[in-house]
Structure formats: C-alpha cells, structure tokens
Amino acid sequence: MYHGILIGKSGSTLKRLKLETGTRIDVMNGKDEVMIKGTQDKVDRAIQVIDAHLQQAIAKANLTHFVALPTQASFATRKLLDFHKEVAAYKADGINTKMLIPPQKLHITLGVCKLLSQTDLEKAILTMKQDLPPLIHSIMQNESVIAIRLKKLAIMEEDPKKASILYIEAQDETKTQVLTRLCEGIRNKLMDQGIILDEGRPLKIHITLLKTRGSGMDSDRPTFDARKLLKAHGDLDLGLVHIDKLHLMKLGPLNADGTYISDGSITL
C-alpha cells in the first residue's frame, strides 16, 4: 500500500518527489521500503518530504478495520427480530427497515483502524495475540465469562427529533463489574501501539441497533425522529449475552452469511 502511495499514477508522485528533493529514490518492488541516494542534507530533506506525503495520504485514506466484541445469542436474536417487526410498522418519522442492523452484525466497537499494508495488519494481529491476553487476564481475574444484558434504548444525539443512531445499552452483569475496565484497557493498549486510531473522545460502550447512512461526514448523515420508538420500546430487553471473543473485523465485504470478515481474533 505505502509503495503505491509513493509511486503514484504512472510514477507521477515518485517523479515529483525526486525533483523536489534532488535525490534518487528507489521504491523496492512490492515492498514498503525505499532507498534514497544523494548528499546527506538532501537525503534528510527527502525523508521529511516522504514522511509528510505518507502522513497526508494516510489521513485521507479510508478506515479498513474495527476492533469489536460480537454480542450474539439466539434468545437476543429472537427478541431483536420481534423489535424489527415493530420498527417495520413505522411509516413516518424518517425511519425505515434499511436502517436496522441485522442480528449477526451486533457488536461493541472498541475502536477503528487504518491498516494500509500487510505489515500493518500483521502487526495488529501479533499485538492482539501476544500483548492482549496477559492484560485481559489481569483485568478479568476471577471472572470466567463476560456477561452483559442488552437493555434500554438510547440515542447518540441530544435531540430525539434529530437522531441518527439508536443503540441498546450493554449493562454489566459480571460479579466485579469488569466490562468498562476490560474495554478501556484493550482500547488503550491498541491505541498506544498505533493500531486503533485516537478519535479524541471517550469510549462509549453500546450496541447499535439502527442508524442512518450518510455519504459524507457525520454532519451530513440523515436523521430520524426517535421519540415514538423511545416511548414505545425504551425499556427493550434483549436478555443476557456472553462475550467470549475479541475480533479484528474488516470493513467492507461480508461473509456469505452476512457476518463481518474477521482477520484475527483471541478468546477472552
């Protein structure tokens, strides 16, 4: 991925970088490595220019993955499908069934990632498998399973007349209330390693049930009036769910059964 960014269309970016820095820049074939030749001051300048170009490109790049705790259970699925039938009856308020999240995609998101190369992906998977198990063990200690109750609807926005995301709360049912510590511990560890992006906001533990789809920034996302939904189903209870795995999920294509593609996972 990175070598492609440096080369550009028909080599245009690489040519510009060479002219700008007065150096010879050779991109290793199929690898995210470059060889720079020139005087020391020009080589130093080229390193700065290349780094700035890559950082700018990364900032513009799309998200590739997210780290998540799937929250699936047969009882919760049946209850959720009943809720979907109720939502289907709404003919106004900007609500339609295309906004509903199917049961097989329910999860708690801990963070999003831009893993733009195979090296990035391998680093993320290795960190998950080597660094996270000791951390998870130290947090869970006497807890053999993470049990949560999916109960009570809420929206992300302050004004229910202009909602874009409806979610259900993840209520901690563990004996020592470890859910928040576990989620924040994993998120912070992966953020420190540069795997999860720092979005500059605290983690909100929730499971999205319904959301609008926008084509651009969050500010462009369509909204719906959630007042009737919250009044009629505010105390929705999907029951207990056991969380047993952490996944690095791919954004974009899905498995044949509609589930997210996992590029790596560990057992809690």
Side-chain angles (χ1 to χ4, degrees), residues 66-110 143-175 177-180 182-183 203-214 218 221-247 249-262 265 268:
F66 63 99
V67 178
L69 299 166
T71 56
Q72 300 172 26
S74 56
F75 177 77
T77 295
R78 290 194 297 271
K79 296 276 287 184
L80 181 64
L81 292 176
D82 288 341
F83 173 67
H84 283 187
K85 292 177 182 178
E86 296 284 345
V87 173
Y90 285 77
K91 303 298 183 183
D93 303 328
I95 298 171
N96 64 71
T97 55
K98 292 182 180 180
M99 300 177 183
L100 295 167
I101 307 299
Q104 66 269 28
K105 294 176 71 175
L106 295 189
H107 64 273
I108 297 171
T109 299
L110 301 188
E143 297 287 352
S144 59
V145 66
I146 300 296
I148 62 172
R149 179 172 292 277
L150 307 185
K151 184 179 180 180
K152 191 177 181 182
L153 296 182
I155 58 171
M156 287 294 184
E157 298 75 19
E158 293 184 3
D159 186 353
K161 298 191 299 296
K162 297 179 179 180
S164 63
I165 295 177
L166 178 83
Y167 66 89
I168 194 164
E169 296 180 3
Q171 299 181 359
D172 194 346
E173 294 283 335
T174 60
K175 294 176 292 185
Q177 298 291 290
V178 300
L179 180 63
T180 298
L182 179 68
C183 291
L203 175 65
K204 187 176 184 64
I205 301 173
H206 69 284
I207 298 96
T208 299
L209 297 186
L210 184 152
K211 67 177 180 180
T212 60
R213 268 78 171 179
D218 286 346
R221 186 189 291 272
T223 61
F224 60 91
D225 190 336
R227 289 177 295 179
K228 291 180 181 178
L229 265 179
L230 292 173
K231 183 176 180 180
H233 306 283
D235 291 326
L236 179 67
D237 186 350
L238 299 182
L240 282 175
V241 172
H242 290 167
I243 298 174
D244 58 3
K245 283 193 175 183
L246 176 76
H247 285 265
M249 300 290 199
K250 186 181 293 186
L251 283 167
L254 303 173
N255 289 310
D257 61 357
T259 56
Y260 290 107
I261 297 173
S262 175
S265 67
L268 298 181

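FYI, the numbering just counts along the sequence from 1.
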field: All ring-ring contact (aromatic ring centres under 6.0 Å, His included) counterparts of Phe83, not counting sequence neighbours
entry: His233
- request: Could you pull out the closest heavy-atom pair between Phe66 and Thr109, with the gap in Å?
  value: CD1-OG1, 4.2 Å
query: So, do Leu80 and Leu106 sit near enough that their side-chain heavy atoms are less than 4.5 Å apart?
result: yes
message: Restricting to salt bridge (charged side-chain N to carboxylate O under 4.0 Å, His left out), what partner residues turn up for Lys152, sequence neighbours left out?
response: none
field: Thr77: side-chain hydrogen bond (donor to acceptor under 3.5 Å, both in side chains) partners, not counting sequence neighbours
entry: none
- prompt: Can you tell me how far CG of Leu210 sits from CG of Leu100, rounded to the nearest 0.5 angstrom?
  reply: 5.0 Å
message: Show, in sequence, the C-alpha distance, side-chain angles and deciding distance for Leu229 and Leu153, and conclude whether the side chain to side chain contact (heavy atoms under 4.5 Å, CB included) test is met.
response: CA-CA 9 Å; Leu229 265 179; Leu153 296 182; 5.5 Å; no
- prompt: Which residues satisfy the ring-ring contact (aromatic ring centres under 6.0 Å, His included) test with Tyr167, sequence neighbours excluded?
  reply: His206
query: Does a side-chain heavy-atom distance below 4.5 Å link Lys211 with Ile101?
result: yes
query: What's the shortest heavy-atom distance between Thr180 and Asp172, and which atoms?
result: N-OD2, 4.5 Å
task: Return the minimal non-hydrogen interatomic distance between Tyr260 and Lys250, and the atom names on each side.
output: CD2-O, 4.0 Å
Residue pair Ala73 / Val241: nearest heavy atoms and the distance that separates them: CB-CG2, 4.0 Å
- prompt: Side chain of Thr212, backbone of Pro222: donor and acceptor closer than 3.5 Å?
  reply: yes
field: side-chain hydrogen bond (donor to acceptor under 3.5 Å, both in side chains) partners for Asp257, two or more places apart
entry: Thr259
- prompt: Got a sec, which pairs hit salt bridge (charged side-chain N to carboxylate O under 4.0 Å, His left out) with one end in residues 68-87, sequence neighbours left out?
  reply: none
message: If you compare all heavy atoms of Pro103 against all heavy atoms of His84, which two are closest, and at what distance to 0.1 Å?
response: CD-CE1, 4.3 Å
query: Taking only residues two or more places apart in sequence or in another chain, which ones pass side-chain contact (heavy atoms from CB on, under 4.5 Å) with Thr223?
result: Lys162
- request: Kindly write out the residues that satisfy side-chain contact (heavy atoms from CB on, under 4.5 Å) with Pro70, not counting sequence neighbours, or none if the list is empty.
  value: Gln72, His247, Met249
message: Suppose we screen for side-chain contact (heavy atoms from CB on, under 4.5 Å). Which residues come up paired with Leu203, at least two apart in sequence or across chains?
response: Leu110, Cys183, Glu184, Arg187, Ile205
field: side chain to side chain contact (heavy atoms under 4.5 Å, CB included) partner of Ile148, chosen from Ile108, Leu69, Leu240
entry: Ile108
field: Leu236 versus Ile168, closest heavy-atom pair with distance
entry: O-CD1, 3.7 Å
statement: Across all chains, not counting sequence neighbours, the side-chain contact (heavy atoms from CB on, under 4.5 Å) partners of Ala147 are Glu173, His242
- line: Hits for side-chain hydrogen bond (donor to acceptor under 3.5 Å, both in side chains) against Gln171, two or more places apart or cross-chain, chain-then-number order -> none
Donor-acceptor under 3.5 Å (Asp93 side chain, Ile95 main chain): no
- prompt: Residues in side-chain hydrogen bond (donor to acceptor under 3.5 Å, both in side chains) with Asp237, at least two apart?
  reply: Arg149
message: How about CD on Gln177, more than 12 heavy atoms from neighbouring residues, nucleotides or ligands closer than 6.0 Å, or not?
response: yes
N/O donor-acceptor pair under 3.5 Å between Asp244 side chain and Val145 backbone: no
